[in-house]
Amino acid sequence: MSGFEERLESVKERIDAACARAGRSSDEINLVAVSKTRLPQEVSEAAACGVIYFGENKVQEAEQKIPMCPGNISWHLVGHLQSNKVRRAVQLFDMIHSADSLKVLRAINSGCEAVGKNIKVMLEVNVSGELSKFGVIPDQVERTLEESSDLSRVEVVGLMTMPPFREDPEEVRPWFQKLARLRGEMQAAGYGLDELSMGMSNDFDVAIEEGATWIRIGTLLFGARK
Ligand SMILES: *Cc1c(COP(=O)(O)O)cnc(C)c1O
């Protein structure tokens, strides 16, 4: 087994274990391999091991990398999107996890109209209220969903969050619970938010226990970033 394959197997075992603890099926969990800073060869190796979803956080880096990678990959944007890069982003990516304001949602819709495409997105929520974090504050989520509901080319399929880093993942659990609770409230209000994108290398087990359907893993799969 290659180094990547071994690391992938160990992540999959932890996914299975977290699902077992939570009484969930592993089929509910989608793994995004976050390939930012990684070379096309590393992406190709990962794809050869059966990884389907890859995440990038910068449009420019993705634009250079994607043409050098296998064609059967589904690319996901996981980082903040600047207005002037929206049109390029909607052409490159199959899903945007990090739609972090009404303004960006509207820009994504316009970008989709320009290139003739529909796209699935997740609304990023700033659950911790940290000023350094992107995302809609919890109080504004319902309003944002309401005001974006008439965007014909954008389908908001879930909520995403990136809580502050903590050495001990148990300290992150309350923020995952908060996002899951918010999703439940929005579903009760009639929004069909099936997806929860939460959990990274350091805390994905806890995120799965709290209902994650998409986990975004970089370091554990590819090794530490320089
Ligand atoms: C880098 C990144 C990840 C992956 O982080 P790791 O700790 O390396 O697993 C996940 N989500 C987002 C938004 C990121 O920018």
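We number each residue from 1, following the sequence as shown. First listed ligand is number 1; within each ligand, the first listed atom is number 1. Not measured: the values here are computed from a predicted model.
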Proximity of Lys36 to ligand 1 by residue part, where a heavy atom lies under 4.0 Å: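 Lys36 to ligand 1: side-chain contact only, backbone stays beyond 4.0 Å.
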Ligand 1 N/O within reach of Arg216 N/O, cut-off under 3.5 Å: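 So ligand 1 has an N or O lying under 3.5 Å from an N or O of Arg216.
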[atom]: nearest protein contact (heavy atom, Å):
atom	value
atom 8 (O) of ligand 1	Thr219 OG1, 2.6 Å
atom 9 (O) of ligand 1	Ser201 OG, 2.6 Å
atom 5 (O) of ligand 1	Met200 CE, 3.4 Å

Residue pair Glu56 / Trp75, side-chain donor-acceptor N/O under 3.5 Å: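 No donor-acceptor contact under 3.5 Å links the two side chains.
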Distance-only polar pair, side chains of Glu195 and Thr213, donor-acceptor under 3.5 Å: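 Distance-only check passes for Glu195 and Thr213.
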Option of least heavy-atom distance to atom 13 (C) of ligand 1 (set: Val78, Leu77, Ile217, Asn57):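 Answer by nearest heavy atom: Val78.
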Evaluation steps, salt bridge (charged side-chain N to carboxylate O under 4.0 Å, His left out), between Glu130 and Lys133: CA-CA 6 Å; Glu130 273 189 313; Lys133 288 272 190 290; 3.2 Å; yes
Basic-acidic side-chain contact under 4.0 Å: Arg173, Glu170: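 Answer for the salt bridge query: yes.
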Parallel, tilted or perpendicular: rings of His80 and Phe134 (30°, 60°):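 Aromatic pair Phe134/His80 classed parallel.
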Sub-4.0 Å heavy-atom approach of Arg225 to ligand 1: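 Yes, that is the case, since the closest heavy atom of the residue is under 4.0 Å from the ligand.
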Enumerated ligand 1 atoms positioned under 4.0 Å from heavy atoms of Met162: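 What qualifies from ligand 1 is 12 (C), 13 (C).
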4.5 Å side-chain heavy-atom contact, Val90 and Arg153: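 No, every pair of side-chain atoms sits at 4.5 Å or beyond.
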